[in-house]
Amino acid sequence: MIRSRPLTAPRAGTLLIPYSGIKGISSLYATYCDDYHQLGAFFGGDWRSTDSYREVADRLDANPIPRERLADVLIRQNARWDNASPVHQLKDPRALTIVTGQQVGLFGGPLYTLYKAITAVKLARHLSDRLQRPIVPVFWLEGGDHDIEEVSSVCLRSTGDCARIHYRGQQRPANGNLGSVGSMVFTEDMTRVRQEVRSCLPASAFRDEVLEHYYAAYRPGVTFTDAFARTLSMLLGDCQIVLMDPEDCDLKELAAPIMRREITDHAHTFSELAATTAELQDRFHAQVNVRPFNLFVLSDHGREAVQSDGEQFRLQQSGRTVTLAELLDLAPCLLSPNVVMRPLVQDYLLPTLSYVAGPGEIAYFAQFKSLYDWAGLPMPVVFPRSSLTLVESRTRRVMEQYGLDLPGMTEEVSVLMRRIVLSGTPLEDAFARAGDSLAACAGALKDEVSRVEHTLGRSAEATLRQWQKELAKLQKRVERAEKNRHEQLQNQLTRCRHALYPQGQLQERTLSVLSYLARYGDGILRTIYEGMDIGSTGHHQVLPI
């Protein structure tokens with residue numbers, strides 16, 4: 001459990017890496033972090049400038065929200081999860097929010113979910129001091145999506161690459177889908193999942209206590225949203241954050257005006273989004289596919305996309321045709337925003353000063369500015385979440401010994417082995433000299449045979465190519481034998497790569513914090529909190545633990 005302290009500087013030994021130097025990071029995200037002004041026209045304010053936050057705050061003061069009703073719903077929700085939060089502050093007419101969110105993934109989702117929440121807590125405290133007003137961190141529990149495959153597994157450290165354990169209590173039907181994931185109730189299959197998780201974790205002094213204390217809610221009879229909310233609340237401890245379930249019918253009732261406006265104005269929002277997307281694609285990529293209608297309808301067939309031909313509306317799963325009037329008459333609880341409408345609904349309900357976003361979210365926010373203008377809402381300042389790689393002492397020693405860094409560890413182990421074992425060695429020099437000698441001998445031979453018969457010069461060149469091919473074969477065999485003599489080094493590099501890039505991805509996108517809690521106990525949460533520097537969030541942070 002984290003016991004919060006004021007905003008801190010990064011821990012000694014934390015390294016910062018530009019996003020442009022990290023494999024898999026989009027050009028748009030790297031540019032946003034490094035040179036905001038290239039993308040400024042697509043956003044509501046420079047995330048590095050206090051003046052941007054002041055400007056959004058002033059606009060929010062002129063854009064009142066139903067604070068009392070909103071706060072009452074959130075008080076009820078947070079009481080259900082035993083989450084001690086600063087939700088009462090939202091009743092203060094000067095209070096603003098820092099919002100972040102994530103899908104309700106199994107066992108709390110990957111590491112970056114926790115990083116998002118801590119970033120929001122720290123940013124709220126920082127800006128509250130700067131702006132001299134209450135600023136409340138809020139975590140949006142995204143349980144409305146219907147893609148259960150995205151949230152029904154957990155990845156844990158193992159002896160090899162990470163072990164992925166799947167929950168299979170609910171399976172997608174042949175037709176339609178299961179509806180909003182957050183409301184699904186865990187079946188008895190969760191008992192099997194817990195057993196597999198326990199057996200996968202190291203048999204440490206912390207394992208059983210961590211599972212029973214932080215992850216007790218992942219049991220049969222509990223919903224995805226409730227289990228996720230309780231777990232996140234436990235992990236954050238004294239870092240108080242308001243948890244928000246937007247699938248609550250009372251909140252959807254509050255958001256009904258903007259959802260119904262999308263129903264009547266969907267052709268306009270489609271046109272605006274398409275125009276911004278085309279402009280963005282001139283230099284970058286578009287994260288969101290533009291669709292004519294940005295709401296789903298919840299029915300017996302699950303969460304149904306709505307297709308429009310201008311006059312009629314067709315529900316994708318059931319094939320049922322409905323009129324505009326019928327859509328407008330639907331109870332708000334039966335409407336579900338898609339990725340485009342979700343931030344607009346969020347910022348219609350909350351006085352959002354800033355949204356803490358990951359790379360994909362920042363890319364789709366780049367498409368939305370005109371929609372905020374349509375909705376009459378201030379676009380929040382989009383703040384890049386803190387991005388961390390945790391480097392354990394054993395991994396750090398191997399990297400230091402062989403002069404390796406985090407970007408370099410994206411290479412395959414065979415490439416790393418060649419660089420360490422063979423690069424600059426007498427063996428490599430010997431083969432280089434042999435290659436040079438062959439070329440010199442073949443050149444001299446070509447000159448002599450060409451004087452006898454000029455067409456034989458081509459035969460001499462072909463002979464050289466054959467010699468070079470045979471020499472390359474010999475070099476590969478020798479290098480393979482040399483690498484085999486270093487089996488221990490190969491094993492060390494393999495373990496390091498799996499620790500830093502499980503399944504070939506950044507650690508934070510794959511592993512659960514559960515892996516580290518089970519190894520190190522809950523002190524790791526304090527290490528992450530203190531080591532995270534939101535003043536350096538424009539870089540990826542390498543944190544030694």
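Residues: numbered from 1 along the sequence shown.
When all heavy atoms of Leu406 and Tyr501 are compared, the pair lying nearest together is O-OH, 2.9 Å. Smallest separation of non-hydrogen atoms from Asp145 and Gln103: OD2-NE2, 3.1 Å. What you find for Leu28 and Leu39 is that their closest heavy atoms are O-CD1, 3.5 Å. Taking all atoms of both residues into account, the shortest heavy-atom contact from Ile362 to Ala357 is CG1-CB, 3.6 Å. Leu350 and Val99 get closest at one heavy-atom pair: CD1-CG2, 3.8 Å. Listed here is the closest heavy atom pair of Val340 and Leu273: CG2-CD2, 3.8 Å.
Within the 3.5 Å criterion, the main-chain N or O of Asp161 finds a donor-acceptor partner in the side chain of His498. Formation of a donor-acceptor pair under 3.5 Å by the Gln490 side chain with backbone atoms of Gln492 is not found in this model. Distance alone, capped at 3.5 Å, is enough to place a donor-acceptor pair between the Asn177 side chain and the Arg303 backbone. Between the side chain of Glu508 and the backbone N or O of Leu388 there is at least one donor-acceptor pair closer than 3.5 Å. Not one N or O on the side chain of Asn83 forms a donor-acceptor pair closer than 3.5 Å with the backbone of Ala229. Side chain of Ser512 to backbone of Ser515: no donor-acceptor contact under 3.5 angstrom is found. For Ser204 (side chain) and Ala518 (main-chain N/O), a donor-acceptor pair under 3.5 Å exists by modelled atom type. Side chain of Thr97 to main chain of Pro351: a donor-acceptor pair is present (N/O by atom type, distance under 3.5 Å, no hydrogens or angles).
With no hydrogens or angles considered, a side-chain donor-acceptor pair links Ser536 and Asp533 at under 3.5 Å. Judged by distance alone, the side chains of Ser387 and Gln541 never bring a donor and an acceptor atom under 3.5 Å apart. A donor-acceptor pair shorter than 3.5 Å cannot be found between the side chains of Gln367 and Thr276. There is no side-chain donor-acceptor pair under 3.5 Å between Ser152 and His166.
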key: Verdict with supporting geometry, Thr225 and Glu247, side chain to side chain donor-acceptor pair (under 3.5 Å)   = CA-CA 10 Å; Thr225 292; Glu247 295 303 296; over 6 Å; no

key: Trace of the side chain to side chain donor-acceptor pair (under 3.5 Å) decision for Gln38 with Asp35   = CA-CA 6 Å; Gln38 288 194 47; Asp35 189 7; 2.8 Å; yes

Candidate pair Cys162 and Arg157, rule side-chain contact (heavy atoms from CB on, under 4.5 Å), full reasoning = CA-CA 5 Å; Cys162 79; Arg157 288 279 304 277; 6.0 Å; no

request  = Applying ring-ring contact (aromatic ring centres under 6.0 Å, His included), run through Tyr36 and Tyr32 and close with a yes or a no.
outcome  = CA-CA 5 Å; Tyr36 169 83; Tyr32 188 83; 5.5 Å; yes

request  = Decide yes or no on side-chain contact (heavy atoms from CB on, under 4.5 Å) for Ser354 and Val382, but give the supporting numbers first.
outcome  = CA-CA 6 Å; Ser354 178; Val382 183; over 6 Å; no

key: Evaluation steps, side chain to side chain donor-acceptor pair (under 3.5 Å), between Arg397 and Gln401   = CA-CA 6 Å; Arg397 285 194 298 269; Gln401 181 179 352; over 6 Å; no

task = Step by step, work out the side-chain contact (heavy atoms from CB on, under 4.5 Å) result for Tyr19 and Asp34.
result = CA-CA 8 Å; Tyr19 284 111; Asp34 188 55; over 6 Å; no

request  = Carefully, step by step, assess Ser180 and His146 under the rule side chain to side chain donor-acceptor pair (under 3.5 Å).
outcome  = CA-CA 5 Å; Ser180 299; His146 57 270; over 6 Å; no

query = Does the side-chain contact (heavy atoms from CB on, under 4.5 Å) test come out yes or no for Val154 and Leu156, once each step is laid out?
reply = CA-CA 7 Å; Val154 60; Leu156 304 171; 4.0 Å; yes

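Under the 4.0 Å criterion applied to side-chain N and carboxylate O atoms, Arg48 and Asp46 are assigned as salt-bridge partners. Under a 4.0 Å N-O distance rule, the pair Arg133/Asp61 qualifies as a salt bridge. Between Lys116 and Glu361 a salt bridge is recorded (basic side-chain N to carboxylate O distance below 4.0 Å).
Distance check: Ile524 CD1 to Leu390 CG gives 5.5 Å after rounding to the nearest 0.5 Å. Here the CZ-CD1 distance, from Arg396 to Ile545, works out to 8.5 Å after rounding to the nearest 0.5 Å.
The six-membered or imidazole ring of Phe43 lies away from that of Phe365, with a centre-to-centre distance of 6.0 Å or more.
At least one test fails for Arg385 against the ring of Tyr115: distance under 6.0 Å to the centre or angle within 45° of the axis. In this structure, Lys122 forms a cation-pi arrangement with Tyr529, its terminal cationic atom sitting closer than 6.0 Å to the ring centre and no more than 45° off the ring axis.
Partner of Phe107 under the ring pair (Phe, Tyr, Trp, His ring centres under 6.0 Å) criterion, chosen from Tyr218, Phe228, Tyr167, Tyr214: Tyr218.
Residue Lys91 qualifies as enclosed at atom NZ: its count of foreign heavy atoms under 6.0 Å is above 12.
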